[in-house]
Participant: 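First the structure, then my questions, so here it is.
Counting from 1, the numbers follow the sequence of the chain as shown. Whatever order the structure lists ligands and atoms in, that order sets their numbers, starting from 1.
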Amino acid sequence: MSSTTLLAKAATEKYETLFHRHPANPILTGKDWPYSINSVFNAGATLLPDGSTLLLCRVEDRRGLSHLCVARSVNGVDRWQIDREPTLLPNAERYPEELWGIEDPRITYVPELKKYAIAYTSYSRGGPGVSLALTEDFRSFERIGVIMPPDDKDAALLPRRINGYWALIHRPMTPLGAHVWISYSPDLRHWGSHKLMLEARRGAWWDANKIGMSPPPIETSRGWLMIYHGVRRTPSSSIYRLGLALFDLQQPEKCLVRGDSWMFAPEAEYERHGDVQDVVFPCGYTIASDGDTINLYYGAADSSIALAHGSIRALLNWLDANGHSEHSNDRRHA
Ligand code: BMA
């Protein structure tokens, strides 16, 4: 098909909706909190052994500093039981990297350790870095400390070792841009073998210059499926939208296919307006018992938590229809 025909096709066809917003959105706001806060957003998510949903929410207080607080719900939609006090507070005395708060947790259950690994942003004078903590019950936490120095964020641990090594996806800032990298470790403490995983595009693209992994990747039979955010800078602000890419199961730095357009963007009023306008920012999901339905929990406009449902099969089909290998993208860029 010629590029003109392709453009005409894109203009006349409606875009497929991959994620459906829950009618109860936003499902959690500062008003629901048992103590006084500014806002709640960007929550990590996991299913507990009893089938209930746990959100580890980023809560911003009225100094502007963030901590983490657990909310639990039987159906993952409403009747949230929120911890009466902050669940995990920054501890700047022992961990100076947490001086200005802890943010944006991503949860991975690690069967080998029988523990949940939480990768979060620790923020201090040095800038944002990546810290790691382990927990069995989301009541007591074992901090490992900073594992990626500033400026770095948007990190998650893969649930199992790859060729004998733990793998961490993260987003260091470099003078060449904000791209997604993967690093390996024998013990969760010492990290190396850093590899570039996904590059921000350039120029007019929706994901130009700055991207980052959003929730931890979804393991599918075809590869690690990554929902990532792309930041489009505009003269007045930035727009945070979501795209998709698929990576090799055994060699996760190898991108198999990447979607061209974004597949979810701020549209609803609670996504467009808030403390930071035009932001959808998922840090976690749960998968329903059918093995296909994905419940995506996302921060909306840095002010509330919202929920959208999708299908993993539909996401993969969309990538087949709308994606390209990075190799062919390179050729097109050239
Ligand atoms: C990113 C992160 C997120 C935030 C987003 C929009 O850089 O700091 O925590 O939701 O910006 O403000």
Side-chain angles (χ1 to χ4, degrees), residues 25-30 37-45 55-61 63-69 88 90 97-107 118-131 148 150-156 169-174 177-181 198 200 206-216 226-234 236-243 262 264-268 270-285 296-308:
N25 273 351
I27 57 164
L28 280 169
T29 72
I37 65 170
N38 173 49
S39 53
V40 52
F41 51 112
N42 301 2
L55 295 184
L56 186 60
C57 308
R58 170 177 173 188
V59 173
E60 193 184 279
D61 65 27
R63 296 172 302 167
L65 310 190
S66 293
H67 61 265
L68 308 182
C69 186
L88 189 64
E97 66 275 7
E98 299 185 357
L99 181 67
W100 291 340
I102 54 179
E103 308 177 348
D104 302 356
R106 272 82 168 185
I107 303 171
I118 305 161
Y120 58 95
T121 303
S122 44
Y123 189 22
S124 73
R125 290 191 190 100
V130 175
S131 290
M148 292 293 158
D151 187 332
D152 205 325
K153 53 165 66 172
D154 299 329
I169 299 173
H170 58 116
R171 203 289 305 281
M173 277 289 220
T174 74
H179 310 303
V180 177
W181 287 68
L198 192 70
W206 69 274
D207 55 355
N209 306 314
K210 188 174 175 184
I211 60 170
M213 182 196 59
S214 272
M226 185 196 284
I227 299 175
Y228 72 96
H229 54 268
V231 186
R232 172 71 181 268
R233 289 202 186 93
T234 73
S236 57
S237 64
S238 297
I239 310 174
Y240 279 71
R241 302 182 177 111
L242 304 178
W262 71 77
F264 193 73
E267 283 171 19
Y270 52 89
E271 300 160 355
R272 296 224 53 208
H273 301 112
D275 278 2
V276 183
Q277 67 182 53
D278 290 323
V279 179
V280 286
F281 201 95
C283 289
Y285 59 81
L296 189 69
Y297 293 92
Y298 61 100
D302 283 11
S303 296
S304 63
I305 296 175
L307 169 63

Participant: Closest non-hydrogen protein atom to atom 8 (O) of ligand 1, residue and atom name please, with distance?
Facilitator: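 The closest one turns out to be Lys153 NZ, 3.1 Å.
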
Participant: How many angstroms lie between CG in Asn38 and CZ in Arg63, if you round to the nearest 0.5 Å?
Facilitator: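 Spacing of CG (Asn38) from CZ (Arg63) equals 12.0 Å.
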
Participant: For the pair Ser303 (side chain) and Asp275 (backbone), establish whether a donor and an acceptor sit closer than 3.5 Å, ignoring hydrogens and angles.
Facilitator: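 Looks like yes, one N/O pair under 3.5 Å.
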
Participant: So which atom in Ile118 and which in Pro105 form the shortest heavy-atom distance, rounded to 0.1 Å?
Facilitator: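 Shortest heavy-atom separation between Ile118 and Pro105 comes out as CG2-CB, 3.8 Å.
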
Participant: N/O of Glu103 under 3.5 Å from N/O of ligand 1, yes or no?
Facilitator: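 No.
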
Participant: I'd like to know whether Phe264 forms a side-chain contact (heavy atoms from CB on, under 4.5 Å) with Glu271, so could you lay out the CA-CA distance, the side-chain angles of the two residues, the decisive distance to 0.1 Å, and finally the verdict.
Facilitator: CA-CA 11 Å; Phe264 193 73; Glu271 300 160 355; 4.1 Å; yes

Participant: By number and element, which atoms of ligand 1 are closer than 4.0 Å to a non-hydrogen atom of Val276?
Facilitator: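 Counting atoms of ligand 1 from 1, those under 4.0 Å from Val276 are 12 (O).
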
Participant: Has the side chain of Arg171 got a donor or acceptor atom that lies under 3.5 Å from a matching backbone atom of Ile211?
Facilitator: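 Yes, the answer is positive, given that a donor and an acceptor are paired below the 3.5 Å cut-off.
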
Participant: Do Arg106 and Asp154 meet the salt-bridge criterion of a basic N to acidic O distance under 4.0 Å?
Facilitator: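 Result for this pair is yes, salt bridge flagged.
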
Participant: Any atoms of ligand 1 less than 4.0 Å from a non-hydrogen atom of Arg58? List them with their elements.
Facilitator: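 Reading through ligand 1 atom by atom, the close ones are 9 (O).
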
Participant: Identify the protein heavy atom lying closest to atom 10 (O) of ligand 1, giving its residue, its atom name and the separation to 0.1 Å.
Facilitator: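 Answer, as residue, atom name and distance: Asp302 OD1, 2.6 Å.
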
Participant: Got the closest protein heavy atom to atom 1 (C) of ligand 1, with its distance?
Facilitator: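 Answer for atom 1 (C) of ligand 1: Tyr240 OH, 3.4 Å.
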
Participant: I'd like to check whether Asp104 has a polar contact with ligand 1, where a contact means an N/O of the residue lying under 3.5 Å from an N/O of the ligand.
Facilitator: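 By distance alone, the answer is yes.
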
Participant: I need the contact type for Asn42 against ligand 1. Using non-hydrogen atoms and a strict under-4.0 Å cut-off, is it side chain, backbone, both or neither?
Facilitator: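 Asn42 to ligand 1: side-chain contact only, backbone stays beyond 4.0 Å.
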
